[in-house]
Amino acid sequence: MPAARESLLDAAYTALGRRPWSAVRMVDVAAVAGVSRQTLYNEFGSKEGLARALVRREADAYLAGVERALVSRPEPRERLAAAAEWTASAARGNALVRAMLTGCWGERLPSPTLSAVPSSSAVPAQRRADGPLPSPGDFVALVRDRAVASLVAPGGSKSEAAELARVCELAVRLGVSCVLAPVGEGGTAGLVRDALATVRSVV
């Protein structure tokens with residue numbers, strides 16, 4: 001029931017924008033989505049299951065945005081700058097992405113455990129959501145690895161690959177730092193461009 005699941009996640013996300021997660025009621029989420037409360041419980045099992053699924057969806061959407069940013073420019077430095085800019089922008093517009101990238105969940109947000117939880121769900125998407133959720137360090141590694149994959153030259157040496165990974169991680173960490181301390185003129189992309197221009201690198 002993918003359409004109902006997405007409608008329920010949309011309703012939960014909208015509710016979270018209006019009130020703290022502790023005040024979000026399952027019956028209200030179901031009503032806004034136009035499905036029965038039983039359908040909601042069949043999909044997610046519990047409010048904790050709904051929270052995990054919501055966090056997983058927002059994590060996937062953030063990483064999909066990273067992938068788009070990494071192919072949006074022809075030049076390697078511009079790709080890294082675009083990915084860092086996306087990171088800062090996504091976190092500004094989405095409190096869950098900000099929490100996932102920084103580990104600062106706050107009282108208004110759900111804060112599901114990052115480790116896997118026992119799952120008896122018949123819904124494959126929920127079994128995935130019940131698996132381990134990415135920590136801030138996991139996100140750095142995931143984005144770094146995607147950046148390396150988008151930039152690596154065929155036949156490159158091990159030392160070039162290691163240097164590329166180091167430069168990509170620098171760009172990712174700069175992007176995350178701009179989530180915590182936004183930059184002014186030039187923005188996140190400008191900061192990353194300037195930093196990469198000072199590094200002897202393979203990009």
Side-chain angles (χ1 to χ4, degrees), residues 1-69 82-115 117 119 121 123-140 142-143 172 175-184 187-189:
M1 192 178 295
R5 186 177 180 86
E6 281 304 306
S7 295
L8 286 161
L9 290 170
D10 288 343
Y13 183 83
T14 300
L16 182 58
R18 295 181 178 144
R19 62 185 71 92
W21 183 252
S22 60
V24 173
R25 299 185 327 150
M26 297 287 269
V27 65
D28 296 333
V29 171
V32 169
V35 301
S36 69
R37 196 166 47 154
Q38 187 58 53
T39 297
L40 188 154
Y41 281 100
N42 289 345
E43 280 293 318
F44 303 103
S46 65
K47 189 174 179 182
E48 170 72 8
L50 176 61
R52 293 184 70 82
L54 185 58
V55 168
R56 171 59 68 187
R57 183 181 78 162
E58 299 310 306
D60 290 345
Y62 163 70
L63 291 170
V66 167
E67 298 274 4
R68 288 190 300 274
E85 184 65 47
W86 163 252
T87 292
S89 171
R92 270 194 307 273
N94 187 319
L96 287 174
V97 170
R98 182 182 178 89
M100 285 185 276
L101 292 174
T102 64
C104 302
W105 287 89
E107 295 177 3
R108 290 187 55 84
L109 299 175
S111 54
T113 59
L114 297 179
S115 57
V117 297
S119 181
S121 178
V123 180
Q126 190 58 37
R127 287 198 304 273
R128 181 169 180 260
D130 289 339
L133 297 171
S135 69
D138 293 333
F139 276 109
V140 169
L142 288 165
V143 176
V172 173
V176 172
S177 75
C178 292
V179 171
L180 291 168
V183 295
T188 302

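Every heavy atom of this structure was used, including side-chain atoms; hydrogens, water molecules and symmetry mates were not. Residue numbers run from 1 in the order of the sequence given.
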Looking at [atom1] of [X] and [atom2] of [Y], how far apart are the two atoms once the value is rounded to the nearest 0.5 Å?
{"X": "Leu101", "Y": "Ser177", "atom1": "CG", "atom2": "OG", "answer": "11.5 Å"}
{"X": "Asp130", "Y": "Ser115", "atom1": "CG", "atom2": "OG", "answer": "11.0 Å"}
{"X": "Leu63", "Y": "Phe139", "atom1": "CG", "atom2": "CZ", "answer": "5.5 Å"}
{"X": "Thr14", "Y": "Leu9", "atom1": "OG1", "atom2": "CG", "answer": "10.5 Å"}
{"X": "Arg37", "Y": "Met26", "atom1": "CZ", "atom2": "CE", "answer": "9.0 Å"}
{"X": "Leu54", "Y": "Trp21", "atom1": "CG", "atom2": "CH2", "answer": "5.5 Å"}

Those residues that, when tested against Arg92, pass salt bridge (Lys or Arg N to Asp or Glu O under 4.0 Å) (two or more places apart):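 Scan of Arg92 (salt bridge (Lys or Arg N to Asp or Glu O under 4.0 Å), adjacent residues dropped) gives Glu85.
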Tell me, please, which residues at least two apart from Arg25 pass salt bridge (Lys or Arg N to Asp or Glu O under 4.0 Å).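 For Arg25 the salt bridge (Lys or Arg N to Asp or Glu O under 4.0 Å) partners, ignoring immediate neighbours, are Asp28.
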Report the residue from Val172, Val97, Val179 that forms a side chain to side chain contact (heavy atoms under 4.5 Å, CB included) with Thr87.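 For Thr87, the side chain to side chain contact (heavy atoms under 4.5 Å, CB included) check succeeds only for Val179.
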Side chain to side chain contact (heavy atoms under 4.5 Å, CB included) partner of Arg52, the single match among Pro112, Ser119, Ser46: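 Answer after filtering Pro112, Ser119, Ser46: Pro112.
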Quick one: are Val55 and Trp105 in side-chain contact, heavy atoms under 4.5 Å?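 In short, these two side chains touch, coming nearer than 4.5 Å.
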Check [X] against [Y] and note the closest heavy-atom contact, atom names and distance.
{"X": "Pro136", "Y": "Gly103", "answer": "CG-N, 3.5 Å"}
{"X": "Pro110", "Y": "Ala51", "answer": "CB-CB, 3.7 Å"}
{"X": "Thr113", "Y": "Glu48", "answer": "N-OE2, 4.1 Å"}
{"X": "Leu40", "Y": "Leu8", "answer": "CD1-CD2, 3.7 Å"}
{"X": "Ala84", "Y": "Thr188", "answer": "O-CG2, 3.4 Å"}
{"X": "Ala99", "Y": "Leu109", "answer": "CB-CD1, 3.7 Å"}

Using a 3.5 Å distance criterion without hydrogens, assess whether the side chain of Ser7 forms a donor-acceptor pair with backbone atoms of Ala3.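 Between the backbone of Ala3 and the side chain of Ser7 there is a qualifying donor-acceptor contact (under 3.5 Å).
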Between Arg56 and Pro132, is there a donor-acceptor pair closer than 3.5 Å when you use the side chain of the first and the backbone of the second?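 Yes, the answer is positive, given that a donor and an acceptor are paired below the 3.5 Å cut-off.
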Under 30°, 30 to 60°, or over 60°: which ring-plane class applies to Tyr62 and Trp86, parallel, tilted or perpendicular?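 Taking Trp86 first and then Tyr62, their aromatic rings lie parallel (interplane angle under 30°).
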Which is it for Ser135 and Asp138 under the side chain to side chain donor-acceptor pair (under 3.5 Å) test, yes or no, and what are the steps along the way? CA-CA 5 Å; Ser135 69; Asp138 293 333; 3.1 Å; yes
Near Gln38 CD, under 6.0 Å, is it more than 12 heavy atoms from other residues, nucleotides or ligands?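 Counting neighbours around CD of Gln38, more than 12 heavy atoms of other residues, nucleotides or ligands fall under 6.0 Å, so yes.
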Can you list every salt bridge (Lys or Arg N to Asp or Glu O under 4.0 Å) pair that touches residues 8-24, not counting sequence neighbours?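 For residues 8-24, and leaving out neighbouring residues, the salt bridge (Lys or Arg N to Asp or Glu O under 4.0 Å) pairs sorted by first residue read Asp10-Arg57.
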Distance only, no hydrogens: is a donor on one side chain within 3.5 Å (strictly under) of an acceptor on the other, for Gln126 and Arg5?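 Gln126 vs Arg5: donor-acceptor pair found between side chains.
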